[in-house]
Amino acid sequence: MEGTMKAWFITEPGKMEMREVPIPKIGPKDILFKVSYAAVCGGDLPAYEKGSYLQHFPITTGHEFTGYVVEVGEEVEGIEPGLRFMGTNLEWCGECEACKSGNMFACEDITKKGLGFGTNGVFAEYSVIHNAMLNVSVYPLPDNINDLEGSTCEPMCVGAGVADTLGIQGNETIAIYGAGIIGQSLCQAIKAQWPDTKIVMVNRSPFRLELAKESGADYIISSKDRPAIDQMREMFGTANYTYHYGKSSEAVNVDIALEVTGNPDIVAECFHLVKNYGTVCLVAGYSDAYRAPIAPADLFFKAIKYVPGLMGNFGKSVQYMSEGKFKTTHLITHVFPLEELPAAFAAAKDTKNSCKVCIKVDPTAPDYPYNRRDQ
């Protein structure tokens, strides 16, 4: 496709600029797509401010989107121009042993070449998915998911993927620290499959906690003025474990704790919180420099099960959104045009008054109702 497009580039940490650049060319295994709506991920903020996760400069960030296929490489199968879809933020080399065996998610380049971190992303009018595969990196969107909602399928996929790894049987008490869209996705995914679980959402923002009620949380706790663990101990009682009984036990009758804040102190609190044989899952992004003050006694005496939270299920996210099990309209607090991306980043950083910030990339795309929170 010939012509030029508007695209935002991070040129160095803390600096970005909009440029008019040629529409990218594709290879035989790639697809070119027009971006309709995009969304700001929490990971986009440290990428902009500190250069975190970015493989080079300048680069166009953004990896959450709804797009329309414009061009298809001659070796791509099952994908046609005009297809409306959401895609993964992961890209593989297509040449290593893992890729050739069909296990693309074991490719060592999977984040190195990730959309918006290693290759140019979707804060641009057009973008490319390399080595495109139907229902692997390209997921068609049903008609009952609009373009704005479709841009939130990518973050909601975290809850869809993580929920199945927690060993939930039903009736558990589950604490979710963090009420951004990832925490909300976990709440909705768990409630969709195990409605009899009791979910406690913890956050410092009253605004986000109110959104959590709409996502199905049974209890909400503000940790702004008082530790959440103390409040949950009063709600659910103390849990005994080896050598720790009655008042000497600081564990709580909570089965599973999910950490979605990225705060090392909250990581430690999750391990301190759960009862004997409880489960802890870390879902947020963590800097290599972070150190969490975890008490070894919590791990040793309680035999805690740790579950990694770096995962997602894209197909299930689309399915749940289509079936009404995932709802994100109430979580979309701001929508900005592409030209106002810096303002969108500022709104996303203001976690007291925002949840999911989206970008209307294509000015001709339809507008949809959403819960805008003006600053």
Side-chain angles (χ1 to χ4, degrees), residues 5-19 21-35 38-65 67 69 71 73 75-76 85-100 103-133 136-139 151 153-155 157-158 161 182 262 284-289 308 310-312 314 341 345 348 359 361:
M5 67 176 189
K6 296 176 182 178
W8 282 95
F9 287 87
I10 296 177
T11 56
E12 60 181 89
K15 292 186 178 181
M16 69 168 75
E17 61 184 45
M18 178 178 271
R19 297 176 178 177
V21 295
I23 295 172
K25 304 295 182 183
I26 62 171
K29 298 180 180 180
D30 310 334
I31 64 169
L32 174 72
F33 62 95
K34 186 174 185 179
V35 183
V40 179
C41 172
D44 291 326
L45 302 180
Y48 163 59
E49 294 171 347
K50 303 176 183 178
S52 302
Y53 318 121
L54 301 182
Q55 301 299 307
H56 59 83
F57 297 100
I59 188 170
T60 299
T61 55
H63 57 271
E64 302 175 0
F65 68 93
V69 177
E71 287 185 352
E75 296 182 22
V76 177
F85 74 102
M86 64 81 65
T88 74
N89 63 317
L90 306 173
E91 294 197 9
W92 31 83
C93 71
E95 302 298 331
C96 68
E97 290 301 318
C99 288
K100 290 179 179 178
N103 187 22
M104 289 78 63
F105 291 99
C107 174
E108 292 183 3
D109 284 352
I110 199 164
T111 53
K112 182 179 180 181
K113 295 183 177 180
L115 188 67
F117 296 106
T119 61
N120 285 329
V122 297
F123 296 143
E125 293 180 294
Y126 293 88
S127 191
V128 174
I129 288 184
H130 301 94
N131 298 308
M133 300 181 192
V136 177
S137 58
V138 174
Y139 292 84
S151 69
C153 283
E154 198 280 340
C157 87
V158 177
I182 302 301
Y286 305 94
S287 164
D288 289 340
L310 184 60
M311 63 186 66
F314 301 99
L341 185 64
F345 274 34
I359 310 296
V361 179

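- Scanning all heavy atoms of the two residues, the minimum distance from Glu95 to Lys100 falls at O-CE, 2.9 Å.
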>> If you apply the rule side chain to side chain contact (heavy atoms under 4.5 Å, CB included), what do you find for Tyr139 with Thr88, and how did you get there?
In response: CA-CA 8 Å; Tyr139 292 84; Thr88 74; 3.9 Å; yes
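- Judged by distance alone, the side chain of Tyr126 and the main-chain N or O of Phe33 form no donor-acceptor pair under 3.5 Å.
- When each of Val122, Ile23, Thr60 is checked for a side-chain contact (heavy atoms from CB on, under 4.5 Å) with Ser127, only Val122 meets the rule.
- Of all heavy-atom pairs spanning Cys93 and Lys113, the tightest one is CB-NZ, 3.9 Å.
- Here the shortest heavy-atom pairing between Pro22 and Met5 reads O-CE, 4.2 Å.
- Under a cut-off of 6.0 angstrom, the local environment of CD in Glu108 is sparse, with at most 12 non-hydrogen atoms contributed by other residues, nucleotides or ligands.
- Aromatic rings of Phe123 and Phe65 (six-membered ring for Trp) have centroids beyond the 6.0 Å cut-off, not under it.
- Residues Leu45 and Val40 are in side-chain contact: their nearest non-hydrogen atoms beyond the backbone lie under 4.5 Å apart.
- Put simply, the side chain of Glu75 never gets that close to the backbone of Lys29: no donor and acceptor are under 3.5 Å apart.
- Scanning both residues, Ala39 and Ser151, for their nearest heavy atoms gives CB-O, 3.9 Å.
- The closest side-chain heavy-atom distance from Ile31 to Phe85 is below 4.5 Å.
- The structure places CD1 of Ile10 at 9.5 Å from CD of Glu49, a figure rounded to the nearest 0.5 Å.
- The pair Glu17-Arg19 counts as a salt bridge, with a side-chain nitrogen and a carboxylate oxygen less than 4.0 angstrom apart.
- Atom NE2 in His130 sits 12.5 Å away from atom CG in Asp109 (nearest 0.5 Å).
- The distance from the CD1 atom of Ile26 to the CG atom of Leu32 is 6.0 Å, given to the nearest 0.5 Å.
- Here CG of Asn89 is found 8.0 Å from CD of Glu64. Values are rounded to the nearest 0.5 Å.
- Distance check: Phe314 CZ to Leu90 CG gives 5.0 Å after rounding to the nearest 0.5 Å.
- Side chain of Asp30 to backbone of Asn131: a donor-acceptor contact under 3.5 angstrom is found.
- Counting all heavy atoms, side chain and backbone alike, Cys41 lies closest to His63 at CB-CE1, 3.5 Å.
- Annotation: side chain of Ile110 is in contact with side chain of Trp92 (closest heavy-atom distance under 4.5 Å).
- Annotation for Asp44 and Gly62: closest pair OD1-N, 3.8 Å, computed over non-hydrogen atoms.
- Residues Asn120 and Val128 have side chains not in contact (no heavy-atom distance under 4.5 Å, counting atoms from C-beta outward).
- Distance alone, capped at 3.5 Å, is enough to place a donor-acceptor pair between the Gln55 side chain and the Tyr53 backbone.
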